[in-house]
> 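Encoded as structure tokens, here's the structure I'll be asking about.
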There are 2 protein chains.
Amino acid sequence: MTIDTDPAEAARQARAEQRSAQLLEAAARLMDRDGPESVSMQSLATEAGVSVGLIYRYFGGKDELLLAVILNVLDAFGTEVPRAMDEAGEDPVHRLAAGLRALCEVIDDQRYAVVLTYRATKQLSAEGRHRIMELELSTMEPLREALRAGRDSGVLDVVDVDLEAYNLLLLAHSWALKHWYYERRYTPAEFTTAQTAIALRALVPPRHRRKYAALLATAATQ
Amino acid sequence: MTIDTDPAEAARQARAEQRSAQLLEAAARLMDRDGPESVSMQSLATEAGVSVGLIYRYFGGKDELLLAVILNVLDAFGTEVPRAMDEAGEDPVHRLAAGLRALCEVIDDQRYAVVLTYRATKQLSAEGRHRIMELELSTMEPLREALRAGRDSGVLDVVDVDLEAYNLLLLAHSWALKHWYYERRYTPAEFTTAQTAIALRALVPPRHRRKYAALLATAATQ
DNA sequence: TCACTGTGAATGAATCTAGATTCATTTCAT
DNA sequence: ATGAAATGAATCTAGATTCATTCACAGTGA
């Protein structure tokens, strides 16, 4: 099965990957400046400094492009969340908090792409939609895992792991979804801290609260 | 200023209102059957059994129509939530639970219109967007009020009223937003009960939990 | 009671528009 | 010189919008 080793082919692949990244970057920049509805093939081409036709070489069409943008975010979740959680050590509560923070950071970074996830369902093929669902679920797996671990060791009071994991994801998504409201009241960091406190307050039973006081506190605490 | 009393004018108004309601109903039915992206002027006209042109008489265009659909849902929130809360009596916790339940019920009933709220931002005029924001905020006011009352009387542990009220709204919205996932695992009623328990678990301090045991319990409680 | 007429309601084929897609042509790298 | 990469004007498409036309009926006079 060693079909590789063709240097020309390898070079092509490398270039393709670079182009693809360039286009995704441009899409992000464009959405960030003009909102997600401005992602037309023309404006994307202009933003990326290439011609429309070229986009079709690297992405089959708009559908595939949007799918790629979305998968890109989900991929960032899949990378950043576990990394942050592992850095946080073994404690399930700290792991959870770290995961939520990472989630919020990626979302802040890719705000419009996250919103796109909710908007683009229309143009996506059934298969694309399915991939997104699968990926979203597997993205959340580390959070679910931490919830389970915390429940098993008694530091977390979890009733329904799946539901509560999804709630955490939505808590973070809300930064993108309701940004028009939150941006007036919180910085990204404040938002993250406050939501972490709220989420953990729901999960950490009283007897363990002292231990996690730092995570449970907010600037606004009375 | 008694410009009314024109019976012809009154009749016209009545008919206009009826038409408008008929069209909004058709839009709901259509979205429910074919998804929100199928709301084209043609298909809406077909569904409502009128001609395309007529829609333009009652709604200026697609933007206004979508705005009306959305305002319609928000209006239902504005009516149902306070009603349910008032029926629940004085106790802030019961009021909150009743409000959340009412929210979930309206959302289940208008699932696609709720999703539309997140999708349609594009086509809405700045003014329409603004009205939606205002309305959403005032819709949540009863929830905020209950949170404040509960905090003041000590039965609720609330750090940031605005943030937590919005989280409750999103908890309910998630039924519509992530329906593809939840529908496989919960009935609307189960979802509502579970989310209520989770939300209240976060808010009711331990010393008051016994009193609200019924709301805090779920079928799934270990 | 019945034709007659004026007015708003309703129609839907024709038009317009935004933007996605194609592909004949040109440029570039080896 | 050759093939891949890139271009962008021309085409295609979905669907929103218009508007000339028809319809329905209330009011009017015989």
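In what follows, chains carry the letters A, B, and so on, assigned in the order in which the sequence lines appear, proteins first and then strands, with residues in each chain numbered from 1. Since this is a predicted model, take the numbers as computed values, not measurements. Scope of the values below: all heavy atoms of this structure, side chains included, with no hydrogens, waters or symmetry mates.
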> For the pair B:Arg119 (side chain) and A:Tyr118 (backbone), establish whether a donor and an acceptor sit closer than 3.5 Å, ignoring hydrogens and angles.
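Yes, B:Arg119 side chain to A:Tyr118 backbone: donor-acceptor pair under 3.5 Å.
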> Looking at the side chain of A:Tyr56, which of C:dT22, C:dA10, D:dT18 is the nearest nucleotide?
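So the side chain of A:Tyr56 is nearest to C:dT22.
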> Between A:Gly53 and A:Val39, which is nearer to the 5' end of DNA chain C once each is assigned its nearest nucleotide?
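It is A:Val39, whose closest nucleotide lies nearer the 5' terminus.
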> Grab the CG-P distance between B:Leu65 and D:dT17 for me, whole Å please.
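In whole Å, D:dT17 P and B:Leu65 CG are 10 Å from each other.
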> Examine C:dA10: is either OP1 or OP2 under 4.0 Å from a nitrogen or oxygen in the side chain of B:Tyr58? Give yes or no.
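Checking B:Tyr58 against C:dA10: at least one side-chain N or O falls below 4.0 Å of OP1 or OP2.
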> Please tell me which of A:Ser51 and A:Gln42 maps to the more 5' nucleotide of DNA chain D, matching each residue to the nucleotide holding its nearest heavy atom.
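Checking each residue's closest nucleotide, the 5'-ward one belongs to A:Ser51.
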> Starting at CD of A:Gln18 and ending at P of D:dA5, how long is that distance when rounded to a whole Å?
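It is 13 Å, rounded to the nearest whole Å.
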> Mind calculating the distance between CE (B:Met41) and P (D:dA14) to the nearest angstrom?
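Taking CE of B:Met41 and P of D:dA14, I get 19 Å after rounding.
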> Considering non-hydrogen atoms only, spot the tightest contact between A:Leu168 and A:Ala199 and give its length.
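Shortest heavy-atom contact: CD2-CB, 3.6 Å.
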> Establish, from distance only, whether the side-chain atoms of B:Arg19 and B:Gln22 form a donor-acceptor pair under 3.5 Å.
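Yes.
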> Among D:dG8, C:dG12, D:dA6, which nucleotide sits nearest the side chain of A:Val52?
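When the side chain of A:Val52 is considered, D:dG8 is the closest of D:dG8, C:dG12, D:dA6.
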> Tell me the interatomic distance from A:Arg57, atom CZ, to C:dT22, atom P, rounded to whole angstroms.
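Going from A:Arg57 (CZ) to C:dT22 (P), I get 14 Å.
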> Round to the nearest Å and state the distance from A:Glu37 atom CD to C:dG19 atom P.
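Going from A:Glu37 (CD) to C:dG19 (P), I get 10 Å.
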> To the nearest angstrom, how far is A:Asp34 atom CG from C:dG19 atom P?
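Between P of C:dG19 and CG of A:Asp34: 12 Å.
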> Looking at A:Arg19, does any N or O in its side chain come under 4.0 Å of the phosphate oxygens OP1/OP2 on D:dA6?
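For A:Arg19, the contact criterion (side-chain N or O under 4.0 Å from OP1 or OP2 of D:dA6) is met.
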> For side chain to side chain contact (heavy atoms under 4.5 Å, CB included), just list the numbers for A:Arg148 and A:Glu145, CA-CA rounded to whole Å, side-chain angles, deciding distance to a tenth of an Å, and then say yes or no.
CA-CA 5 Å; A:Arg148 266 185 240 116; A:Glu145 182 51 41; 2.7 Å; yes
> From CD1 of B:Ile55 over to P of D:dG15, roughly how many Å is that when rounded to an integer?
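In whole Å, D:dG15 P lies 14 Å from B:Ile55 CD1.
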> Could you tell me how far apart A:Phe59 (CZ) and C:dA20 (P) are, to the nearest whole angstrom?
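Atom CZ in A:Phe59 sits about 15 Å away from atom P in C:dA20.
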> So which nucleotide from D:dA9, C:dA20, C:dA10 ends up closest to the side chain of B:Leu54?
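Among D:dA9, C:dA20, C:dA10, the one nearest the side chain of B:Leu54 is C:dA10.
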> Of the candidate nucleotides C:dT22, C:dT11, D:dT17, which contains the atom at the shortest distance from the side chain of B:Val50?
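Looking only at side-chain atoms, B:Val50 lies closest to C:dT11.
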> Give me the one residue out of B:Leu66, B:Val39, B:Val73 that meets side-chain contact (heavy atoms from CB on, under 4.5 Å) with B:Leu116.
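So, applying the side-chain contact (heavy atoms from CB on, under 4.5 Å) to B:Leu116 and each of B:Leu66, B:Val39, B:Val73, only B:Leu66 qualifies.
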